[in-house]
Amino acid sequence: MTFSFEANLAGAQLPNPILSASGCAGSGKELSQFFPLNEIGAIVTKSIMVKPRSGRATPRMAETPSGMLNSIGLQGPGVDYFLENDIPWLAEQGARTFVSIAGETVEDYAVLARRMRNLPGVVGIEVNISCPNVENRGMVFSCNPDTARAAIEAVRRNIGGDLPIIAKLSPDVTDIVSIAREVAHAGADGVALINTLLGMVIDTNSMLPKLAQRTGGLSGPAIRPVAVRAVYQVHSALPHLPILGMGGISTGRDAFEFILAGASAISVGTATFGNPQALITVRDELSSLLIERGFSSLQDAIGHAHREITE
Amino acid sequence: MTFSFEANLAGAQLPNPILSASGCAGSGKELSQFFPLNEIGAIVTKSIMVKPRSGRATPRMAETPSGMLNSIGLQGPGVDYFLENDIPWLAEQGARTFVSIAGETVEDYAVLARRMRNLPGVVGIEVNISCPNVENRGMVFSCNPDTARAAIEAVRRNIGGDLPIIAKLSPDVTDIVSIAREVAHAGADGVALINTLLGMVIDTNSMLPKLAQRTGGLSGPAIRPVAVRAVYQVHSALPHLPILGMGGISTGRDAFEFILAGASAISVGTATFGNPQALITVRDELSSLLIERGFSSLQDAIGHAHREITE
Amino acid sequence: MSSINAKAQQISAELVSNKKVGSYHHMVFSVGDLAFQAKPGNFVAIAVGGPSSSMVLRRAFAIYRATESGPHGGLLELVVAPHGQGSKWLTGLAPHTSVDMVAPLGTHFGIPTEPVRALLVGGGYGSAPLFGLAELLKNRGCRVDMVLGASTASKIYAPLEGKRSVSSLTLTTDDGSAGIQGQITEVLPRLIEENEIEIIYSCGPMGMLAAITEVSKRYGIVHQCAVEESMACGIGVCMTCVLPVTGDDGVIRMLRSCIDGPVMDGEQVIWDSNRRIPEGTFGA
Amino acid sequence: MSSINAKAQQISAELVSNKKVGSYHHMVFSVGDLAFQAKPGNFVAIAVGGPSSSMVLRRAFAIYRATESGPHGGLLELVVAPHGQGSKWLTGLAPHTSVDMVAPLGTHFGIPTEPVRALLVGGGYGSAPLFGLAELLKNRGCRVDMVLGASTASKIYAPLEGKRSVSSLTLTTDDGSAGIQGQITEVLPRLIEENEIEIIYSCGPMGMLAAITEVSKRYGIVHQCAVEESMACGIGVCMTCVLPVTGDDGVIRMLRSCIDGPVMDGEQVIWDSNRRIPEGTFGA
Ligand SMILES: Cc1cc2nc3c(=O)[nH]c(=O)nc-3n(C[C@H](O)[C@H](O)[C@H](O)COP(=O)(O)OP(=O)(O)OC[C@H]3O[C@@H](n4cnc5c(N)ncnc54)[C@H](O)[C@@H]3O)c2cc1C
Ligand SMILES: Cc1cc2nc3c(=O)[nH]c(=O)nc-3n(C[C@H](O)[C@H](O)[C@H](O)COP(=O)(O)OP(=O)(O)OC[C@H]3O[C@@H](n4cnc5c(N)ncnc54)[C@H](O)[C@@H]3O)c2cc1C
Ligand SMILES: Cc1cc2nc3c(=O)[nH]c(=O)nc-3n(C[C@H](O)[C@H](O)[C@H](O)COP(=O)(O)O)c2cc1C
Ligand SMILES: Cc1cc2nc3c(=O)[nH]c(=O)nc-3n(C[C@H](O)[C@H](O)[C@H](O)COP(=O)(O)O)c2cc1C
Ligand code: FES
Ligand code: FES
């Protein structure tokens, strides 16, 4: 039997459905010692902003049961440096790249989108709208339908060409389906589910929040059930909207859960910290599992857990 | 040095701040073999409804990394049986009881509140508003400020006397502070934070959601950072609103985190499944820890992580 | 105090021996006087994974044998299949490690007051609690026949010393690698008739118990079975392990298999209730 | 390919020996040819807690010694303090267990091209990477003095064989249980002056490194220190382990201590940046 592992993520054709998660694969360079970057479906870059950013003060992380908190605060050298250095290097490796962009204002998203035209190796844009909106009391863009829509519209209007746009949503909302619907209307070709959950750890020695910024984003296997639920709900309500699923994936079994729930492709984030080769492990285990379960293609398995149960 | 472990939860005077979590201590009888029930601050009953309820179909649970999903669906014999059997038995044990009540309609809450008058051993009411509202497309009461308020007002108007009312909130909302504010205005004397997070596990053998009802509530250490964050946020915004903190507490250290974040007392839920004596372990570890850190009373430690850092 | 879990204690139990037998591990724990309390059908619940485990729930295992005294004091013996991460952790333990155990839990097999002719039916590691039961029945003057089935020979657990109390032992395997090829239920009618069986005791997968119930009903004989539902707590506080059971009053209730079971009356259990609540269930 | 992590490999390393020495565990791992790649200052990152661990992050440990061949092939030796749940799990392992290790990681101590007079300063298990460094410096014709400090005698790690390359060894303890009572920095001026020190190499708690930097600045001598920041990944992909460092261009940047460190120029690090971003930092 032939088996097709090819993925189509909102129009981006990828040899397999395994992507890195934004902010969890550095610039790519750091991982390239552990596997050739073109072995995975695509590299998702850390979220790029208009200007250089120092990020937040340390401590920036805390380990939690089956997870971790982080508050990096989008440290990065800004879009100019990124386009000059990271993009050409990734293209040289033959890597397919999803550029993650993040803004503090709607205008930032517009500016960044214009810079994303005609980049070598870039197969799509992940729009991280799970970050604070400085024009709206720091409220996270994707926690409000209006600001979520505004950010995506700004990208859609400015991107030009037919580069797929994936809107990355925060799970910290009452109704994630309504946000997904909103960004789809605004022109997103797909959604990335989920970003981290807002959490806090208190250091019982200092008796203060462990992270300098008090709260941070919770990731890792701990949040997997929340992520699978989000993917299942959105796929159920919007079956034609492509989903990039993530949140606690560290094995092929975990990835399979997301595919069955309705994801067209998946990202591996925190697992890479524990295992630099996690992306490859997940890829190999997922393809074995799909073949074992009798699927002749990845496509056939997407959303399979939604089928009618007829016993 | 004398140390006072006494807790005051929204007016309920308790010898210590350790409570069971609703739905995680059965009727009390099941645990009484493992420790005398009057050894803990209070027993919180499983949520009582107006009528008997079969609960949901099985499978009702799935273990997850550092947590579990459940979808019990509030199985129980109804308020009549409860008042006749459980309440007198708990009173006989010398246990202090918080009765958890849950409704499908605002009227249910009113009916239940009226039944809560003058019960032996009952020191407070926990109003579980993290359940589906049948009159509003099954939307969870506490996921909407209006329905949250309506349920609490119904209890407040009907309860009579001065029994403290604690509103138990779902973390699955965009802004938990605004819900807490709403229920406080509606007459809640305090809030219980947090109920479970909505999650899903897909069984990769059957390739279907593992739980019969598809989704379930995520509890256990996995969710602790989300719970601590919720307690910290609400205490920060509403410093005078008493909080019953819970979510993944299994050691004294964990309980201490919630106290530092602003909880006046805490509940232990899922940990009891792994360790029938968890409530006693947490109690003893927490009091040692408070003494070790130089506190002369529990009261002094509440919200201590909010202090100004002056170094 | 209540009568629920009345004999249960939470103890630290030292692993005395851990031997691979076919597909299973025969594991012996030193438990002190607690061994006196255990009756055939009772189970234990063990915390798995060690101090920084991601597994928050205990795992349940039927008690294979309880030995009240010996060089190590009272012993409890289990038969464990390395299945998922919890049972694999357990079967990987070295002797002298201690585990956190709550035992004995649940209901036990009822012993008739008069000698009867009993058939004991076990599937896979479901044979475990039947050997202690066989001994007890034998001592009460009962005739005991036993039939054990599994997918393949290595999954039949039937140690020599266990068979002492049994008048006849029939084996079935799906692949024919031991005994008769086929399902356990296929041989039941013959065994019931030949041995004039008056009561069936069973333990094994839920599907097998359901099938045995069909047969026992047909012959009008009592069927006590030990069910195996996923359990989060094992002590009756979580309500995850329920299954619909028709009471003596005719009312179907969702009963907890950890405290109202695992031993239940096969005829009263509503089998095939997976993913649905049977119509007419109390509170439905 | 890039030059970051260029020598790092992910391997299964067998624990060859695990001995308690004072408050620490001296742990030896068989790592094959990877031992050839390790230089003093490099560290390893080990996955902890076993297959169903709730700990998702690796733990970092400085390489104490690398032995390139022997009966077990190449060896890496670590000095581990049982501190929290991860290090306690590690120090509790029995020989012949294998761990998942990524090594060697990070920058290493720079070795002067000319013989110099070096002072090596270690706090607690921070002495670990200094012995291999001492040997290397000695072989290059340097004079090496060493001072080790800790809260108490059992927390000073200074094995006999490690001291071979050292001309003088001074000890300090907070409680006076070994060597001079007091903080390590109190003895530095005397040692620097007496031994005409030209370079300081250090490893230990961040507070100590900051204090040493004060002293080295005062004397105008180079100070290479191995920092210890909480690391989630150890390989440069997560950005959790940063600290502000002034570059040669005068610009302060948040650098990753796992790939731009752990060995850094003490004078360039902005110490006391806990919970705040120093003013003027790039991108602030
Ligand atoms: C009353 C009772 C008696 C049992 N007696 C035995 C015995 O004597 N020998 C034996 O090997 N096993 C027995 N089991 C089953 C044993 O508990 C499971 O094999 C074990 O829980 C599998 O856990 P795991 O971590 O290896 O698998 P995982 O698949 O990782 O477990 C995940 C979750 O599912 C539950 N689960 C998985 N399989 C089963 C199952 N078959 N039955 C119930 N829950 C399950 C686990 O308890 C856990 O909560 C018994 C179960 C019950 C309820
Ligand atoms: C470059 C480097 C070299 C190190 N070398 C050694 C060594 O040679 N010997 C040794 O015993 N320890 C060393 N450490 C510290 C060692 O990594 C920690 O002691 C260990 O991580 C503690 O983990 P735990 O699980 O026991 O503690 P926990 O408190 O349970 O750890 C929780 C989290 O905090 C982090 N953490 C806790 N303490 C430290 C610490 N002191 N430094 C950095 N992160 C910490 C852990 O990595 C983990 O992510 C080194 C750390 C770094 C960064
Ligand atoms: C250290 C860290 C940094 C992250 N940075 C970003 C980021 O820059 N942009 C973004 O969209 N998501 C970021 N994320 C979120 C991840 O991409 C991912 O959505 C989340 O961690 C859940 O997946 P996981 O559990 O596999 O890590 C970050 C996560 C971590 C742990
Ligand atoms: C099996 C189970 C049943 C529960 N039943 C109820 C309930 O009836 N009413 C309620 O308010 N919360 C219920 N909860 C939620 C808990 O009371 C608690 O809020 C939540 O589990 C988080 O705490 P934990 O992590 O300590 O379990 C239940 C939780 C579990 C795991
Ligand atoms: S397993 Fe918890 S009630 Fe039975
Ligand atoms: S530890 Fe991840 S970048 Fe340094």
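Here is how names work: the chains are called A, B, and so on, in the same order as the sequence lines, proteins then strands, and each is numbered from 1.
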For [X], which atoms come within 4.5 Å of any heavy atom of chain D: side chain, backbone, both, or neither?
X      : value
A/K29  : both
A/T64  : backbone
A/T270 : side chain
A/P221 : side chain
A/L37  : neither

Test item: D/S151 side-chain N/O and D/D174 main-chain N/O as donor-acceptor pair under 3.5 Å: no

Sole residue of A/S47, A/S100, A/S170 in side-chain hydrogen bond (donor to acceptor under 3.5 Å, both in side chains) with A/N128: A/S47

Derivation of the salt bridge (Lys or Arg N to Asp or Glu O under 4.0 Å) call for D/E229 and A/R60: CA-CA 10 Å; D/E229 274 287 342; A/R60 286 179 173 185; over 6 Å; no

Enclosure of D/Q183 CD (heavy-atom neighbours >12, cutoff 6.0 Å): no

Side chain proximity check, D/T185 to D/I212, heavy atoms < 4.5 angstrom: yes

Min side-chain heavy-atom separation A/V282-A/I266 under 4.5 Å: yes

Contact winner vs chain D - A/M49, A/R53, A/M68, A/Q75, heavy-atom pairs under 4.5 Å: A/Q75

Options A/S27, A/G220, A/G67, ranked by heavy-atom pairs under 4.5 Å with chain D, top entry: A/G67

Leading residue by heavy atom contact count with chain A [cutoff under 4.5 Å; candidates D/P244, D/A284, D/A47, D/S273]: D/A284

Residue, of D/L243, D/T281, D/I259, D/N274, that accumulates the most heavy atom pairs under 4.5 Å with chain A: D/N274

Any donor-acceptor N or O pair under 3.5 Å, side chains D/Q10, D/D100: yes

Exercise: do D/S154 and D/S23 side chains pair donor with acceptor under 3.5 Å: yes

Interchain contact, D/R256 with chain A, by part (heavy-atom threshold 4.5 Å): side chain

Portion of D/V242 that has a non-hydrogen atom of chain A nearer than 4.5 angstrom: both

